[in-house]
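Side chains are part of it too, since the values below use all heavy atoms of this structure and drop only hydrogens, waters and symmetry mates. Keep in mind that this is a model prediction, so the values were computed, not measured.
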Amino acid sequence: MGKGGMSHGDVKDGEEENMAAWLLGVNNLKIQPFKLPPLGPHDARIRMKAVGICGSDVHYLKEMRIADFVVKEPMVIGHECAGIIEEVGSEVKHLVPGDRVAVEPGIGCMRCDLCKEGRYNLCPEMKFFATPPVHGSLANQIVHPADLCFKLPDDVSLEEGAMCEPLSVGVHACRRANVGPETKVLVMGAGPIGLVTMLSAHAFGSPRIVIVDVDDHRLSVAKQLGADKTVKVSTSLSDVPAEVEQIKKAMGGAIDISFDCVGFTKTMSTALSATSSGGKVCLVGLGHTEMTLPIAPAAVREVDVVGIFRYKNTWPLCIEFLRSGKIDVKPLITHRFGFSQKEVEEAFETSARGGTAIKVMFNL
């Protein structure tokens with residue numbers, strides 16, 4: 001969990017042993033004991049009830065690293081989560097045992113300039129679930145700062161609470177790009193993050209959204225979730241000019257904001273070329289670390305480029321979108337598994353295969 005923990009510890013008679021899914025090596029996940037740290041005065045102990053699998057979890061399982069984040073020792077996996085409060089620290093006033101909460105997985109230092117400015121997602125000392133060396137949340141119980149636990153309304157499920165994490169990426173992207181009722185939106189990529197970005201753009205008031213992908217099934221899901229138009233594209237860079245014209249025709253007007261939720265050279269090139277003069281491109285996906293892009297043609301048309309990293313202060317708005325019905329994330333949850341060794345392995349295999357899987361969820 002976010003504040004630390006160890007793989008083994010003494011268990012008192014009659015006390016439940018806390019178990020977690022440990023990443024031990026490439027394609028090696030094992031459910032093993034996970035000792036929790038002492039409960040601090042501002043902490044909460046949470047019984048996990050719903051934990052989703054993110055693409056980053058799968059990447060760590062397959063590669064044991066993402067960019068400069070390298071898994072060097074066993075690590076508990078998982079960061080999209082919600083659960084029920086079991087115990088709170090002496091100074092916690094806004095939560096009581098039994099409360100259902102969605103959990104924000106990143107702990108900023110709250111001392112650096114970025115944290116003080118409210119941009120804690122950029123904190124260089126950020127401790128984030130399942131980002132080495134910090135343990136994650138696919139466990140029976142975790143301990144976490146109570147101010148990062150957000151109470152769920154009665155009509156928002158724990159699974160929806162866990163979906164606040166990926167949804168937060170879309171919400172933060174829409175805030176960074178200033179999506180509103182007068183901005184028509186292009187979304188590159190109809191994977192889980194592309195879909196939550198599309199749902200977020202709709203909730204922020206975008207009057208027309210076109211979404212692009214290489215996969216027919218994902219595009220059909222996007223259409224069912226409210227995309228105005230879908231465009232199937234190839235993986236070939238040489239097809240960009242023709243596909244840009246196809247995308248513009250589908251939009252039927254100016255493309256004010258484009259979200260690249262893939263982060264490949266081709267998707268970013270398409271977004272830069274398709275976006276109207278004076279528009280904005282927001283890079284959400286990080287598929288390629290380095291790209292060769294048509295920056296100069298975009299620059300002379302004053303197309304702004306912004307990036308995002310995770311999110312900040314998004315949970316209350318995500319919960320309100322879910323409560324009000326402005327966003328429905330339930331159709332994104334396509335597969336569910338329990339918390340046994342066999343099911344953990346099957347769940348990660350299902351997520352890694354892709355296919356019809358969008359969000360794979362553990363019910364603990």
Is a side-chain donor or acceptor of [X] paired with a backbone partner of [Y] at a separation under 3.5 angstrom?
| X | Y | answer |
| --- | --- | --- |
| His79 | Ser56 | no |
| Thr183 | Ser206 | no |
| Arg100 | Val156 | yes |
| Thr270 | Lys266 | yes |
| Asn121 | Phe309 | yes |
| Ser220 | His217 | yes |
| His135 | Ala20 | no |
| Trp22 | Phe34 | no |
| Ser137 | Gly78 | yes |
| Lys223 | Asp228 | yes |

Query - Pairwise salt bridge (Lys or Arg N to Asp or Glu O under 4.0 Å) hits with a residue in residues 245-255, at least two apart - result: none

Going by the rule side-chain contact (heavy atoms from CB on, under 4.5 Å), which residues pair with [X] if we only count those two or more places apart in sequence or in a different chain?
| X | result |
| --- | --- |
| Lys184 | Pro207, Arg208, Met251, Asp256 |
| Lys232 | Asp216, Leu219 |
| Ser340 | Lys342, Glu343 |
| Asp113 | Glu117 |

Query raised in the report: Around Arg175, counting heavy atoms of other residues, nucleotides and ligands shown, do more than 12 lie under 6.0 Å from its CZ?
Result: yes

Query raised in the report: What do you reckon, is CG of Asp154 surrounded by more than 12 foreign heavy atoms closer than 6.0 Å?
Result: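 Result for CG/Asp154: open.
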
Distance, nearest 0.5 Å, that separates [atom1] of [X] from [atom2] of [Y]:
| X | Y | atom1 | atom2 | result |
| --- | --- | --- | --- | --- |
| Phe321 | Asp328 | CZ | CG | 14.0 Å |
| Met163 | Cys318 | CE | SG | 10.0 Å |
| Ile77 | Phe348 | CD1 | CZ | 5.5 Å |
| Leu36 | Ile142 | CG | CD1 | 8.5 Å |
| Asp68 | Thr289 | CG | OG1 | 8.5 Å |
| Ser277 | Ile255 | OG | CD1 | 11.5 Å |

Report task. Assess Arg65 against Tyr60: is NZ or CZ under 6.0 Å from the centre of the six-membered ring, and within 45 degrees of the ring's axis? Result ->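 Negative - Arg65 is either too far from the ring of Tyr60 or too far off its axis.
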
Over all heavy atoms of both residues, which pair between [X] and [Y] is shortest? Give the atoms and the distance, please.
| X | Y | answer |
| --- | --- | --- |
| Ser269 | Leu237 | OG-CD1, 4.4 Å |
| Thr350 | Ala357 | O-CB, 3.9 Å |
| Leu24 | Pro74 | CD2-CB, 3.7 Å |
| Val92 | Ala146 | CG2-CB, 3.6 Å |
| Ala44 | Leu39 | C-CD1, 3.7 Å |
| Gly118 | Asn313 | O-ND2, 4.0 Å |

Query raised in the report: Judged by modelled atom types alone, do Asn27 and Lys62 share a side-chain donor-acceptor pair under 3.5 Å?
Result: yes

Query raised in the report: Side chains of Ser234 and Glu243: is there a donor and an acceptor less than 3.5 Å apart?
Result: yes

Query raised in the report: Do the side chains of Val58 and Ile53 get nearer than 4.5 Å, heavy atoms only?
Result: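 In contact.
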
Query raised in the report: Side chains of Glu16 and Gln141: closer than 4.5 Å at any heavy-atom pair?
Result: yes

Report task. Take Val134 and Phe128 through the side chain to side chain contact (heavy atoms under 4.5 Å, CB included) test and state the conclusion after the steps. Result -> CA-CA 6 Å; Val134 181; Phe128 194 91; 6.0 Å; no

Mind checking what makes side chain to side chain donor-acceptor pair (under 3.5 Å) contact with [X], not counting sequence neighbours?
| X | result |
| --- | --- |
| Tyr311 | Glu165 |
| Glu346 | none |
| Gln341 | Glu345 |

Query - Val210 vs Thr230, side chain to side chain contact (heavy atoms under 4.5 Å, CB included): CA-CA, chis, key distance, verdict - result: CA-CA 6 Å; Val210 173; Thr230 63; over 6 Å; no

Note: [X]-[Y] ion pair, threshold 4.0 Å (strictly below):
| X | Y | result |
| --- | --- | --- |
| Glu159 | Arg336 | yes |
| Lys330 | Glu160 | yes |
| Lys359 | Glu80 | yes |
| Glu17 | Lys35 | no |

Query raised in the report: By the rule that ILVMFWY residues connect when side-chain heavy atoms come within less than 4.5 angstrom, directly or transitively, which residues belong alongside Val96?
Result: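 Answer for Val96: none, a lone residue.
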
**Report entry** side chain to side chain contact (heavy atoms under 4.5 Å, CB included) between Lys30 and Asn28, intermediate numbers included
**Finding:** CA-CA 7 Å; Lys30 289 286 186 295; Asn28 187 3; 3.1 Å; yes

Hydrophobic cluster membership, with links at side-chain heavy-atom distances under 4.5 Å among I/L/V/M/F/W/Y: are [X] and [Y] in one?
| X | Y | answer |
| --- | --- | --- |
| Leu186 | Val221 | no |
| Val233 | Met291 | no |
| Leu114 | Tyr120 | no |
| Val214 | Met268 | no |
| Val262 | Val185 | no |

Let me check something: any side-chain donor-acceptor pairs from residues 187-205 under 3.5 Å, sequence neighbours excluded? List them with distances.
from   : atom 1 : to     : atom 2 : distance (Å)
Thr197 : OG1    : Ile193 : O      : 2.8
Ser200 : OG     : Val171 : N      : 3.4
Ser200 : OG     : Val196 : O      : 2.7

Which atom pairs, donor and acceptor, lie under 3.5 Å between side-chain atoms of residues 298-308 and protein residues at least two apart or in another chain?
from   : atom 1 : to     : atom 2 : distance (Å)
Arg301 : NH1    : Thr275 : O      : 2.7
Arg301 : NH2    : Leu272 : O      : 2.8
Arg301 : NH2    : Thr275 : O      : 3.3

Query raised in the report: With sequence neighbours left out, which residue pairs that include part of residues 228-276 fulfil the ring pair (Phe, Tyr, Trp, His ring centres under 6.0 Å) condition?
Result: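 Passing the test, one end in residues 228-276: Phe264-His288.
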
Requested in this report: Look at the aromatic rings of Phe337 and Phe362 and report parallel, tilted or perpendicular, splitting at 30° and 60°.
Outcome: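 Correct class here is tilted.
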
